[in-house]
Protein chains: 2
Amino acid sequence: MGFSGQFFGQKSHYERGERMSPRAGLDVDILVRAAAEIADEEGIEEVTLARLAAKLGVRSPSLYNHINGLQGLRTQLAIYGLGELNTAIASAAEGLSGDDAVQAMGRAYVEFARSRPGLYKTTLSSPDPNNAELVAASERILSLIINLLQVYNLGKEGELHAVRGLRSILHGFASIVQEGGFGMPLDTNISLSRLIAAFLTGIGQMNIPGKYES
Amino acid sequence: MGFSGQFFGQKSHYERGERMSPRAGLDVDILVRAAAEIADEEGIEEVTLARLAAKLGVRSPSLYNHINGLQGLRTQLAIYGLGELNTAIASAAEGLSGDDAVQAMGRAYVEFARSRPGLYKTTLSSPDPNNAELVAASERILSLIINLLQVYNLGKEGELHAVRGLRSILHGFASIVQEGGFGMPLDTNISLSRLIAAFLTGIGQMNIPGKYES
DNA sequence: TATTATAACTAATGATATTAGTTTTGAGGA
DNA sequence: TCCTCAAAACTAATATCATTAGTTATAATA
């Protein structure tokens, strides 16, 4: 994947109280992956420049040579996270179509949020419309979903409503799972597959003006 | 509503550069409402003790006489927000049942998130299981939803899956709306009512073991 | 009026992000 | 091989937070 994993999972020079070696050899990729690790392992609120610098064995101002402050780091994290999410759901749906594909994608989506909780959260901030890369990453996921829905023949508008619906379902379910919001001992995988099944059963509604439209 | 609105929408003494009057007469309720106002108007990241103190015309340490630090304020905000949300959706569904009730509640839920964006966000943090008030506020909303679903005769387990589904739909949709995540010029109210319609059409699936259950 | 609980204060500490300006490195050209 | 120099890392400094400790002053009440 084009990345030297040297810093991950180890204490840095500073964390061990040693003197640093002259050049740390950082780049955006290393920063973002290390930050994602912090987000997943320690929580998103621990993703600070101070914490990241410590993990990488440098002083926090040094990070500014590679990213545009904390805001820039967050943007990069979102881009990275959306890319990973896209990879996960795309490969899950690969070779499938119809309900099978949607179910597989849904499972992968939620599993991503479960296994990379911090990184998933970074993808949720409003996609800064000024950042082309971020917008593109968002749109890649969107068109993946749109493709899966072609089969259902919903028409132009119906398709848009359906995409919104499916996104809502996946995001809502993933968020609640992640927060531990479903307390009880009832298998969440079953809940998810039945929710998607219910949605797909009624997906024809997306094309039908209903009596609840104000 | 048992609350003196004296501070809201006005600049404080400090903000106007005057000397303060001896006792500010604060209490938890005033703090929480002022904080909610900041959250809605300036964004949730602006809800700091410093900002809140300035708005109320006191110094930030004074706030500790009423709340348990920033963490405590956030907990109180979540409780308040869940209460307001509960009121909104309960009164929307009042006197209705079946699809009508679910549709009305869904509309009210999303409208709440739209009109009180900051306050809605405060309700999303994991419900600290140590805080009884917070848990109770969460559960009130949950049982409201459960009640609405009685009509559909889903059985014990089916009902639980359905609650999870509906919560996911509402939360997911509301979150995406709030983030401005649905770009285009397509009425979101229509998207929501059709999504709920699709869910209700397929709600029988909640009771049926499907072939996608791993 | 005197007492007293407590609301609000000041002062201090320790995180954090960020900027400015300095040092040092190491890669590529002389 | 040695020099140059862009850039990577640094130190120092500032500003904003949250939080704690200890002080002052208010206003209710005895």
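All chains are named by letter (A, B, ...) in the order of the sequence lines, taking the proteins before the strands, and each is independently numbered beginning at 1.
In this entry the distance linking CG of A:Leu63 with P of D:dC10 reads 9 Å, nearest Å. Rounding to whole angstrom units, CD1 of residue B:Ile30 and P of C:dA7 are separated by 12 Å. Counting to the nearest Å, the P atom of D:dA18 and the CG atom of B:Leu31 are 13 Å from each other. One atom, CG of B:Leu26, and another, C1' of C:dT6, lie 13 Å apart when rounded to the nearest Å. Between the CG atom of B:Leu70 and the C1' atom of D:dT16 there is a distance of 14 Å, rounded to whole Å. Between B:Ile67 atom CD1 and D:dA18 atom C1' there is a gap of 11 Å when expressed in whole angstrom units. When the P atom of C:dT16 is taken as reference, atom CZ of A:Arg51 falls 10 Å away, rounded to whole Å. Atom CG in A:Leu56 sits about 16 Å away from atom C1' in D:dC10, given to the nearest Å.
Here the side chains of B:Leu195 and A:Ile169 are in contact, with some heavy-atom distance below 4.5 Å.
At least one side-chain nitrogen or oxygen of B:His66 sits closer than 4.0 Å to the OP1 or OP2 atom of C:dA8. Between B:Ser62 and C:dC9 there is a side-chain N or O to OP1 or OP2 distance below 4.0 Å. Not one side-chain nitrogen or oxygen of A:Tyr64 sits closer than 4.0 Å to the OP1 or OP2 atom of C:dT19.
In this structure, A:Thr48 reaches the sugar-phosphate backbone alone: every heavy-atom distance under 4.0 Å involves primed, P, OP1 or OP2 atoms, never a base.
Ring centers of B:Phe173 and B:Tyr109: at least 6.0 Å apart, outside the cut-off.
Not a single donor-acceptor pair under 3.5 Å links the side chain of A:Ser143 to the backbone N or O of A:Ile146. A side-chain donor-acceptor contact under 3.5 Å links B:Gln103 to the backbone of B:Ser193.
B:Ile190 pairs with exactly one of A:Glu213, A:Arg164, A:Glu157 by the side chain to side chain contact (heavy atoms under 4.5 Å, CB included) rule, that one being A:Glu213.
With the nearest nucleotide of DNA chain C identified for both A:Pro61 and A:Glu46, A:Glu46 has the one nearer the 5' end.
The side chain of B:Leu49 lies closest to D:dT19, out of D:dT19, C:dT16, C:dT10. Considering only side-chain atoms of A:Asn65, the nucleotide from D:dA9, D:dC17, C:dT10 that sits closest is D:dA9.
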